[in-house]
Amino acid sequence: MRLVIRKIRGMRDILPPNSTALTRITRIFRETASMYGYREVIPPTIESFELFALKSGEEIKKSMYVFKDKAGREVALRPEVTASIARMFLEELMAKPRPIKVFYIANCFRYEEPQKGRYREFFQAGVELIGSDSILSDAETILLLDEYYERLNLPIEVIIGNVGIYRSILGEERIGEEKQDRIIWLIDKGFLEEALREASGKASNPVRVKRVLEELSTIRTSSNYDEAFREGEKLLKDNYPAALKSLENLRKLLEMVEGATWSKIVLNLGFARGLAYYTGIIYEVKSPNINVSIAGGGRYDGLIELYGGPKTPATGFAIGLDRTLLSLMEAGIEISGEGSNIRVLIVPLVDEAIKLAMGILRKIHSVGVEASIELMGRSLRRTLSYASSMKYTHVILIGRREMEEGKVTIRDMARKTQKTVDTEKLIDEISDD
RNA sequence: GCCGUGGUAGCUCAGCCCGGUUAGAGCGCCGGACUGUGGAUCCGGAGGUCCCGGGUUCAAAUCCCGGCCACGGCCCCA
């Protein structure tokens with residue numbers, strides 16, 4: 001039979017064992033964020049298109065699900081969650097004591113060509129910390145991110161930089177903010193040449209800015225942080241005092257997290273992230289076995305103001321849950337299931353045993369163990385064959401012989417042994433193992 | 001948006017180049033051998049608009065064109 005109606009392009013059905021694995025890494029995120037004092041918020045899937053357009057410009061439209069609802073409002077399926085949280089802050093959280101710490105787990109949508117690790121619907125988990133401009137908040141969120149991946153047992157590297165360094169340099173060269181965004185975007189995309197050309201074209205000291213940007217972009221290390229900072233200082237101290245402060249900030253952050261993390265920390269003075277709203281510390285998580293980033297975040301002190309609110313500092317990150325899972329699988333890391341690993345199949349061999357089987361089913365459930373009743377009405381031989389292929393650990397048989405004695409037969413599938421016991425003693429038999 | 005490879009049974013695929021009986025295999029599923037005891041074995045069964053549409057032809061799974069979808073890469077991003 002061929003189905004006429006199929007999945008929409010870019011959409012997935014997520015089935016076991018992937019669905020259980022995804023649920024599990026989601027649960028671990030929820031636990032980790034909660035332990036850091038974050039509380040869950042659930043924003044709507046659909047927002048006004050304006051919310052995303054304001055931040056990223058009109059051209060974002062082509063990579064988004066945008067449509068008019070029945071009342072003619074231009075709406076969008078969220079491509080990310082930070083914008084929703086900023087809106088939520090303005091509408092509902094302004095009066096709360098600072099810092100405001102919220103986390104979310106949400107499906108997001110982007111209308112792009114599907115390929116490995118990329119679907120049109122995907123899952124993100126993230127935190128936002130609003131109201132603190134302290135570098136300590138950046139450090140703590142990085143620690144949270146790091147703890148999450150430690151709990152998953154996934155080796156990662158965290159690349160850390162401070163986009164404030166670039167912004168300060170370009171600012172002191174009297175380059176406007178929009179131009180800054182473009183230059184930073186170019187650097188992030190690896191078009192260093194073009195970025196340098198555009199920067200020196202507008203700068204008050206073209207030769208100097210070109211040299212400094214070029215050299216900054218080469219400073220990257222996972223071991224010798226001190227030397228990297230010394231080089232950075234040398235570049236900035238004479239002409240770019242504000243950039244020097246950003247560098248100092250980055251140094252403080254690194255001192256805070258150094259030695260406290262499970263991840264490999266890569267310091268990258270030339271690091272930029274394309275998203276326009278980042279203003280300070282930025283970071284990205286990479287896993288050695290997959291060459292796209294699996295999480296990213298940073299400080300965005302200007303976003304809330306952009307939405308018409310008061311100038312409010314904020315920092316946070318988003319984790320790509322699908323890519324994290326993909327990375328775990330490619331690394332061959334076991335994502336163990338939850339709960340008891342005992343699974344029981346109850347087999348009534350005669351109709352009169354069905355009521356008893358149902359009672360037993362409920363009794364086993366009450367001690368937190370999985371149990372089901374055999375439903376197919378097939379021969380015992382096939383039933384046992386089925387039970388072993390489905391990895392049941394115990395089979396309970398209730399036939400005429402058992403009924404007469406008020407007992408049940410319980411078979412240990414692994415040991416291939418069985419005994420007939422009083423119905424009351426059943427639970428003890430199962431949990432013995 | 002662009003490029004490459006593919007689409008035949010629930011799954012993995014053969015057949016296509018070189019058009020020609022009722023389109024095949026392995027695995028899986030259901031059953032029988034075996035009506036109360038296992039992953040084995042043997043036997044049987046169900047399951048196909050050969051992705052869709054058009055064209056060429058006496059004849060198309062097979063050749064041609066268009067579309068859709070999947071996978072991978074570019075771009076972009078998470």
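Just so we're on the same page: letters track the sequence lines, and every chain starts at 1.
- In this structure, of G36(B), C75(B), G39(B), it is G39(B) that holds the atom nearest to the side chain of S388(A).
- Closest approach to the S385(A) side chain among A78(B), G38(B), G36(B) is made by G38(B) (side chain taken as heavy atoms from C-beta onward).
- Nucleotide C13(B) forms a pair with G24(B), judged by Watson-Crick or G-U wobble geometry with both contacts under 3.5 Å.
- Considering only side-chain atoms of R381(A), the nucleotide from G38(B), G36(B), A78(B) that sits closest is G38(B).
- The pairing partner recorded for C18(B) is none, the criterion being a Watson-Crick or G-U wobble arrangement whose two distances lie under 3.5 angstrom.
- When distances are taken from the side chain of Y119(A) to each of C71(B), U37(B), C76(B), the shortest belongs to C71(B).
- T417(A) and D412(A) share no side-chain donor-acceptor pair at under 3.5 Å.
- In terms of position on RNA chain B, the residue among M390(A) and E113(A) whose nearest nucleotide sits closer to the 5' end is E113(A).
- Here Y300(A) and Y277(A) bring their ring centres to under 6.0 angstrom of each other.
- By the 30° and 60° cut-offs, the orientation of the rings of F29(A) relative to F103(A) is perpendicular.
- Taking the P atom of each, C71(B) and A25(B) are spaced 29 Å apart, rounded to whole Å.
- Within the shown strands, C74(B) is the pairing partner of G1(B) under the Watson-Crick or G-U definition, both distances less than 3.5 Å.
- Pairing for U57(B) is absent, with no Watson-Crick or G-U wobble pair whose two atom distances lie under 3.5 Å.
- Nucleotide C34(B): unpaired (no Watson-Crick or G-U wobble partner with both distances less than 3.5 Å).
- Distances were taken from every side-chain heavy atom of K116(A) (C-beta onward) to each of U37(B), G73(B), G39(B); the shortest belongs to G73(B).
- Between C75(B), G36(B), G39(B), one nucleotide has an atom nearer to the side chain of E402(A) than all others, and that is G36(B).
- Under 3.5 Å, the side chain of R382(A) and the base of G38(B) form no donor-acceptor pair of N or O atoms.
- Ranking U37(B), C69(B), C76(B) by closeness to the R9(A) side chain, first place goes to C69(B).
- Contacts of L380(A) with the nucleic acid, taken as non-hydrogen atoms under 4.0 Å apart, include base atoms.
- No contact: M376(A) has no heavy atom under 4.0 Å from any strand.
- Shown are L22(A), L15(A), I14(A), T20(A); of these, the side chain to side chain contact (heavy atoms under 4.5 Å, CB included) with N18(A) is made only by I14(A).
- Each of G36(B), U37(B), C75(B) was ranked by its minimum atom distance to the side chain of L384(A); first place goes to U37(B).
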